[in-house]
Amino acid sequence: MKTKIICSILIIALLTSVFCSCSDGWNGYKNANLEKYIVLGKYKGLVYTPASLDVSDEDVESYINEKLQGIPKSVEITERAAQKGDSARISYKVYDNETEIPEFAANDVLFPVGETVEGSMLSDLGEKLIGAVKDDEIVITVDFPEDYTIDSVEKASLLAGKTITFRITVVSINTTVIPELTDETAAELSETAKTADEYRGEVKKQLSEARIADAEAENLSTLWAMAVDNAEVIEYPKKEVDSSKDRRYTEYKKYAAYYGKSLENFVFESYGKTLEQFMDELEEYAKKEVKERLVLQAIIRAEGLSLSDDEYTDGLNAYYEEYGEGFSSPGELEQYLGVDEIETGILWDKVISIIKESAEAK
């Protein structure tokens with residue numbers, strides 16, 4: 001069964017493998033004399049503390065509150081005047097001198113208080129609404145240019161070149177609030193729940209199911225980290241470490257250039273580190289990547305693992321189905337990653353299964 005870890009292993013494999021003969025005898029992970037580089041430690045019979053499957057009431061309420069944020073409600077304010085962030089429901093009539101232009105009258109218009117609305121005939125109304133209360137009247141005079149035109153206003157020519165008066169009535173002042181969970185909001189959030197309690201039960205079930213999947217991934221990650229920690233690196237293949245380090249260095253240089261900064265300034269401003277500290281971290285990260293790949297390949301050999309043609313085809317298709325976005329076919333994904341890297345990714349499933357099946361949860 002594929003996990004999120006498989007993807008990272010495949011990507012690590014793709015990006016850090018170098019399939020070339022080197023002066024130190026390194027010939028890629030698959031063909032290397034691994035005894036020169038790594039000594040496996042214990043990877044079977046590991047004792048670990050499994051991830052918790054508990055979903056607390058706090059977890060449920062946190063999830064529900066997040067969902068309630070997505071259905072804000074507008075409520076009328078009567079106990080105070082309008083302030084920035086509120087909205088005003090208005091109606092208005094439009095006059096050329098004392099002659100009404102009925103084409104531009106409007107009712108039940110919601111306007112943001114304290115904000116400028118670009119492109120609106122009443123773009124500056126927002127500031128004038130601050131401090132307003134229900135039934136207030138506001139008069140705004142607007143001088144329209146001779147060539148006035150705007151796509152959102154029909155018959156704009158009726159306004160061009162004139163001084164126009166807007167007589168605005170505040171119908172109500174409204175603010176946005178996040179609702180509480182009630183039977184009504186529960187029905188709005190769920191296709192099946194009719195009451196707040198039913199929705200809480202539905203959410204707890206959903207979170208529990210998601211927690212099982214998350215816990216499994218956490219357990220596999222824990223076991224893999226233990227197997228890697230138990231192994232001992234004799235010597236790091238320099239070619240692989242340099243390859244990983246150089247790739248990340250290039251990536252960060254691109255990030256820095258995107259923001260118009262030198263790498264040194266980018267690293268300091270983003271992470272509070274000197275360039276020397278940053279390069280040391282890249283070195284350590286590269287070694288961590290390389291050690292994981294060495295351990296993986298060593299277990300594959302120790303267990304005598306291999307793939308049949310059918311296993312490879314099934315694995316490639318499964319990987320394409322889950323991670324193949326941007327590729328037109330499994331074959332195109334295979335061409336991009338390479339057969340060796342796909343094989344390694346599929347063999348990862350076998351390795352982690354061996355580790356998991358022999359492990360003991362305490």
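What you see below is based on every heavy atom in this structure, not just the backbone, and it leaves out hydrogens, waters and symmetry mates. Source: prediction; values computed, not measured.
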Inset, instruction - Establish, for the pair Lys287 and Tyr236, whether the NZ or CZ atom is under 6.0 angstrom from the six-membered ring centre and no further than 45 degrees off its axis. - result: yes
Inset, instruction - Would you check if Lys204 and Tyr63 make a side-chain contact, meaning some heavy-atom pair closer than 4.5 Å? - result: no
Legend entry - Glu251 and Asp246, any side-chain heavy atoms less than 4.5 Å apart: no
Inset, instruction - Could you walk me through whether Glu334 and Tyr312 pass side-chain hydrogen bond (donor to acceptor under 3.5 Å, both in side chains), step by step? - result: CA-CA 11 Å; Glu334 178 184 57; Tyr312 177 83; 2.5 Å; yes
Inset, instruction - Give me the one residue out of Glu180, Glu184, Glu188 that meets salt bridge (Lys or Arg N to Asp or Glu O under 4.0 Å) with Lys73. - result: Glu188
Legend entry - Backbone of Ala227 reached by a side-chain donor or acceptor of Asn230 within 3.5 Å: no
Inset, instruction - Give a yes or no on whether a salt bridge exists between Glu284 and Lys288, defined as a side-chain N under 4.0 angstrom from a carboxylate O. - result: no
Inset, instruction - Identify the heavy atoms of Ala231 and Val295 that sit nearest to each other, and give their distance. - result: CB-CG2, 3.6 Å
Legend entry - Check: Gln69 side chain, Glu66 main-chain N or O, donor-acceptor pair, under 3.5 Å: no
Inset, instruction - Mind checking the OH-CD1 spacing from Tyr336 to Ile342? Nearest 0.5 Å is all I need. - result: 12.0 Å
Legend entry - Sequence neighbours excluded, every pair satisfying ring-ring contact (aromatic ring centres under 6.0 Å, His included) that has a member inside residues 260-282: Tyr252-Phe278
Legend entry - Check: Ser172/Asn174 side-chain N/O donor and acceptor closer than 3.5 Å: yes
Inset, instruction - Would you confirm whether Thr222, through its side chain, and Glu218, through its main-chain N or O, come within 3.5 Å as a donor-acceptor pair? - result: yes
Inset, instruction - Report yes or no: do Ser244 and Arg248 form a side-chain donor-acceptor pair below 3.5 Å? - result: yes
Legend entry - Side-chain ion pair, Lys291 and Glu232, N-O less than 4.0 Å: no
Inset, instruction - State whether the side chain of Ser120 and the backbone N or O of Val117 hold a donor-acceptor pair below 3.5 Å, judged by distance alone. - result: no
Legend entry - Gln206, CD: over 12 other non-hydrogen atoms inside 6.0 angstrom: yes
Inset, instruction - Could I get the full list of side chain to side chain contact (heavy atoms under 4.5 Å, CB included) partners for Glu311, not counting sequence neighbours? - result: Leu307, Ser308, Lys350
Inset, instruction - Indicate the atoms forming the closest heavy-atom contact of Lys84 with Gly114, along with that distance. - result: CE-O, 3.6 Å
Legend entry - Between Ser328 and Glu332, a side-chain donor and acceptor under 3.5 Å: yes
Legend entry - Beyond-backbone contact of Ile90 with Leu125, side-chain heavy atoms, under 4.5 angstrom: yes
Legend entry - Heavy-atom closest pair, residues Ala196 and Asp183: N-OD1, 2.9 Å
List the atom pairs, with distances to 0.1 Å, where a side-chain N or O of residues 135-142 and a protein N or O form a donor-acceptor pair under 3.5 Å, not counting sequence neighbours.
residue	atom	partner	partner atom	Å
Asp136	OD2	Val133	N	3.0

Inset, instruction - Decide whether a cation-pi geometry holds between Arg167 and Tyr95; the criteria are a distance under 6.0 Å from NZ or CZ to the six-membered ring centre and an angle within 45° of the ring axis. - result: yes
